[in-house]
Amino acid sequence: MADPRILTVRPEPGSYAWTFGGAAPVARIAPGTVLDLFTEDCFAGRVRSARDLVSEVCEFPFLNPQTGPFYVEGAEVGDTVAVHFVSVEPAREWAASTTVPLFGALTSTHATASLQPPLPEVVWMWDLDRERRTCAFTTREGELRIELPMDPMHGTVGVAPANLEVRSALVPDAHGGNMDTPEMRAGTTCYLGVNVEGALLSLGDGHARQGEGETCGVAVECAMNTVVIVELLKGVATPWPRLESDTYIMSTGSARPLEDAFRIAQLDMVRWLERDYGFAELDAYQFLTQAGESPLANVCDTNYTALSKIRKEWLPPGTAHRDLHQRLRETAAVLTG
């Protein structure tokens, strides 16, 4: 096996992308390239203490900076870009989380307006122990301290949208974007449909961990050192982002209301079962109904994101996305020694 090409990118503070689409590529890469990346946290590193309120240290809409975009050579509309996460590691010993007025699942928002006042801004600083793989939560009231397992992930991964659109890095949709699913961790492959020449891939929004649903709207936000392998599947369409791990295949859907996000993910899984595993449509519908899992990714963003998951061990023989995940796992094993 030939050694893969490795491109290391450590962006300067002014060189992040804030949108998907509308940003010039920072580099051209060939399929098979390994990207060794630094990604800044969603606050651009400006929330460093409990005194640093987002409304005072950040400027909307400049939130959720992305490293990229990367022009994938040969990528055309109708192809699929595969992003395999080799490693996702916090770059600092601390992370931040916060409540944001008019944002989150348990408060009034701009879209769900009411007379009640917004929740106050409160910042929690989390201590990260990278050797012990823990995230330490300390309450703001009282002296309770709880250690949770570290589970690093990327909230935002995507390509340029279709139809000349430019979307904020805060928004998830068919192009990917701010999906905020904890499944986007090391060992997972993300498949993204190409909408423009070169795809224009970006990623960011590292989380040291996040619960399903991201209820308050903010995870354990941290900068990341991340290694990914980028590949290209020619002639394979992927209408909504899909994920594959060693144990699951997963479809995503992003929309409002939440039931539409659920429906998109479920329908995409039905189509996946038809294409790669030989099911007829209604047989796939029945099998998914009894074998599927449906975790929530986020219920706080501009669009909500839901997943549909099926265990690989329950699937009949088939080849998902030309068995690319397994090949990328083998390349990742070479990289990690």
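Computed from a prediction, not measured in an experiment: that's the story for all the values here.
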Evaluate the side-chain proximity of [Y] to [X]: yes if any heavy-atom separation is below 4.5 Å, no if none is.
{"X": "Tyr191", "Y": "Pro241", "result": "no"}
{"X": "Val230", "Y": "Val81", "result": "yes"}
{"X": "Met184", "Y": "Cys190", "result": "yes"}
{"X": "Val299", "Y": "Leu258", "result": "yes"}
{"X": "Thr99", "Y": "Pro120", "result": "no"}
{"X": "Thr247", "Y": "Lys312", "result": "no"}
{"X": "Trp272", "Y": "Ser251", "result": "yes"}
{"X": "Tyr304", "Y": "Asp260", "result": "no"}

Using a 3.5 Å distance criterion without hydrogens, assess whether the side chain of [X] forms a donor-acceptor pair with backbone atoms of [Y].
{"X": "Thr98", "Y": "Val122", "result": "yes"}
{"X": "Thr109", "Y": "Thr112", "result": "yes"}
{"X": "Glu214", "Y": "Ala219", "result": "yes"}
{"X": "Arg130", "Y": "Pro90", "result": "yes"}
{"X": "Asp301", "Y": "Val171", "result": "no"}

task: Please name the residue in the list Val227, Leu203, Leu7, Thr8 that meets the side chain to side chain contact (heavy atoms under 4.5 Å, CB included) test with Leu37.
output: Leu203

field: side chain to side chain contact (heavy atoms under 4.5 Å, CB included), paired with Asp205, selected from Thr156, Leu63, Asp41
entry: Thr156

Salt-bridged, [X] to [Y], with N to O below 4.0 Å?
{"X": "Glu89", "Y": "Arg133", "answer": "yes"}
{"X": "Arg46", "Y": "Glu56", "answer": "no"}
{"X": "Arg327", "Y": "Glu231", "answer": "no"}

